[in-house]
Amino acid sequence: MMSTKRTVLAAALAAVFAPAVATAAPLTVYGKLNIEASFNDFDAASKADEAETEIRSNSSRVGIKGDLELSQSVTAFYTIEYQVNTDDSDDNFKPRNQFVGLKGDFGAISLGRQDTMLKKSQGKVDIFSDYAGDLKNYGLKGDNRGTETLSYLTPKVGLFSAGITYLAEGADKQMGADDKLTDGFSIAAMYGDAKYKKANYYAALAYDSDVAGLDSIVRATVGTKVAGVTLGALYQQQEQFAADSKDGFLVSAAYGMDALTLKLQYTDLEDTADGFSVGADYQLAKATKVFGYFTDRSYNKSENSKSGSFAGVGVEHKF
C-alpha cells in the first residue's frame, strides 16, 4: 500500500515538472522543508532601524531526478528542482538546478540551469549556509547558479576531480551583470571528500572569470573531520573592476555528540563586513532535525541595513 502511494506521488509531481522525462526514465522525488521562527534586531545606525519577527523558509525545495542507462558506457541523467518559498504568497516557486546530461568513463557533461563549479567547490565549510550567517550575507560573491550553462566534470582519479562551467553570454543580464554581454567561465579542482565519508579531509581551488558582473573570483577551500570535530576554512579574493579588489575569509567548526551538533563560524570581507554565528542542531530522526542559531553581523557602511543581530529556531525535514 505504501509503495502504491509513493508511486502515485511520484507520478503526480512528474506530471507537474516534467511529463516527457517521467515517461522516459525512472525518477526520484526529493526535497526538504526548512522553516524557522526568527527575530531580527537591526542596528540603530542602519536604514532599517527596527526589530522584526519572521516565520521564514530557508531554501526549502522540491525536485525530481533520475538517470537512464543508454548503453554499457553512457548514462543520461537529469534534475528539475524548485525552491519553495512558504513565506511568499506571490512567488511561492523559484527555479533552482534544472539540467540534463550524459555521463560515463569520459566524465559528465550537462546543460541547463546549474550551480557553477566555484559554488560546488565550497563543499560544506559554510555551516550556516541559507541562514543569516551565510557567507553571501557578508558580501562574499560566488554562490552563483547560471541560467544558461554547459558544465563538464572529469572522472574521478582516486579522490581528485576537476570541472569547468561555461556561462553563455545571453545569460548575463539575468545574473545581474551590466549591459555589456560577455561569456564567463568557472573552473575548479577538488581533492578528498566534502562529505567526509571516503576521506576525512577535503580541499579545493576554484576560479571565476566574468561571472555575474565580477571580473574574477579566486576561492580556496579546506576542511577536515577528526574525532567528531569538523573544521573548515575558505579564503577568497574577488575583483570588480581593476581597482576594486577585496579579500575575504570564513572559518568554521562543528562538534558532534550523538544527536547534537554544536556549531561556530566567523566571516570577514575586507572593508565591507564581519561577524560570527553560533548554533546547534539536534537530530530527531535521520530525516528530521530541530535547530537554533544566533548571528551578529556588522557592516562598515553605517547606511547598510544588513547590520544587526539575528536569532532563529526551526525545524528541517527531508524527504
Side-chain angles (χ1 to χ4, degrees), residues 6-32 59-85 91-123 142-156 161-177 181-190 194-195 204 206 208-212 318-319:
R6 288 181 177 176
T7 302
V8 171
L9 175 60
L13 282 170
V16 174
F17 293 127
V21 175
T23 59
L27 59 85
T28 299
V29 180
Y30 68 95
K32 74 174 183 179
S59 293
S60 299
R61 67 200 63 169
V62 63
I64 58 173
K65 62 182 178 180
D67 55 44
L68 178 65
E69 187 175 300
L70 303 178
S71 68
Q72 290 185 343
S73 58
V74 180
T75 299
F77 63 94
Y78 65 90
T79 291
I80 302 176
E81 184 178 289
Y82 282 89
Q83 182 168 310
V84 182
N85 300 320
D91 198 4
N92 188 239
F93 284 90
K94 288 185 177 181
R96 288 177 56 87
N97 289 310
Q98 300 174 349
F99 55 83
V100 64
L102 300 172
K103 60 184 177 181
D105 292 340
F106 55 85
I109 301 173
S110 54
L111 301 97
R113 178 192 297 267
Q114 53 192 322
D115 294 342
T116 64
M117 284 296 164
L118 183 137
K119 181 178 181 181
K120 291 179 181 179
S121 75
Q122 176 185 311
D143 281 8
N144 297 308
R145 181 175 296 118
T147 56
E148 300 178 21
T149 71
L150 168 64
S151 281
Y152 171 68
L153 187 66
T154 67
K156 277 202 168 183
S161 64
I164 181 170
T165 302
Y166 166 73
L167 297 95
E169 62 184 15
D172 256 14
K173 289 184 178 180
Q174 300 176 47
M175 295 187 67
L181 295 179
T182 181
D183 49 10
F185 294 89
S186 182
I187 305 169
M190 298 152 281
K195 296 182 179 180
D208 270 6
S209 175
D210 293 322
V211 177
K318 295 181 178 179
F319 59 90

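For reference, positions follow the sequence shown, starting with 1. Heavy-atom basis, side chains included; hydrogens, waters and symmetry copies ignored.
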Spacing of [X] atom [atom1] and [Y] atom [atom2] [to the nearest 0.5 Å]:
X      : Y      : atom1 : atom2 : value
Asp67  : Leu27  : CG    : CG    : 10.5 Å
Leu167 : Gln114 : CG    : CD    : 9.0 Å
Gln72  : Asp105 : CD    : CG    : 11.0 Å
Lys94  : Tyr82  : NZ    : OH    : 13.5 Å

Minimum heavy-atom distance [X]-[Y], with the two atoms named:
X      : Y      : answer
Ser186 : Thr116 : OG-CB, 3.5 Å
Phe93  : Val62  : CE2-CG1, 4.2 Å
Tyr30  : Ile64  : CE2-N, 3.7 Å
Ser121 : Ala206 : OG-CB, 3.4 Å
Asp183 : Asp210 : O-CB, 3.7 Å
Asp115 : Lys120 : O-CE, 3.5 Å

Test item: [X] and [Y] side chains (from C-beta on) under 4.5 Å apart, heavy atoms:
X      : Y      : value
Ile187 : Leu118 : no
Asn85  : Arg61  : no
Gln83  : Ser60  : no
Ile109 : Leu150 : yes

inquiry  = With a 6.0 Å cut-off (strictly less than), is the heavy-atom count around CG of Asp91, excluding the residue itself, greater than 12?
reply    = yes
message = Are there over 12 heavy-atom neighbours, none belonging to Lys318, within less than 6.0 Å of that residue's NZ?
response = no
task = Step by step, work out the side chain to side chain contact (heavy atoms under 4.5 Å, CB included) result for Phe185 and Ile164.
result = CA-CA 7 Å; Phe185 294 89; Ile164 181 170; 4.0 Å; yes
task = Go through the side-chain N and O atoms of Ser161 and Thr154 and say whether any donor and acceptor fall under 3.5 Å apart.
result =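 Short answer, no.
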key: Polar side chain donor-acceptor pair, Thr75 to Glu69, under 3.5 angstrom   = no
key: Distance under 6.0 Å and angle within 45° of ring axis: Lys65 vs Tyr78   = no
task = Would you check if the side chain of Glu81 reaches a backbone N or O of Arg96 as a donor-acceptor pair within less than 3.5 Å?
result = no
request  = Please list, chain by chain and in numerical order, all residues satisfying salt bridge (Lys or Arg N to Asp or Glu O under 4.0 Å) with Lys32, sequence neighbours excluded.
outcome  =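 Expected list: Glu316.
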ask   = Does the pair Thr149 and Thr147 meet the rule for a side chain to side chain contact (heavy atoms under 4.5 Å, CB included), with working shown?
value = CA-CA 6 Å; Thr149 71; Thr147 56; over 6 Å; no
task = Go through the steps to decide whether Tyr152 and Tyr166 satisfy the test side chain to side chain contact (heavy atoms under 4.5 Å, CB included), and finish with yes or no.
result = CA-CA 9 Å; Tyr152 171 68; Tyr166 166 73; over 6 Å; no
query = Would Arg145 and Asn97 count as a side chain to side chain contact (heavy atoms under 4.5 Å, CB included) if you check the C-alpha gap in whole Å, the side-chain angles of each, and the deciding distance to 0.1 Å?
reply = CA-CA 7 Å; Arg145 181 175 296 118; Asn97 289 310; 3.4 Å; yes
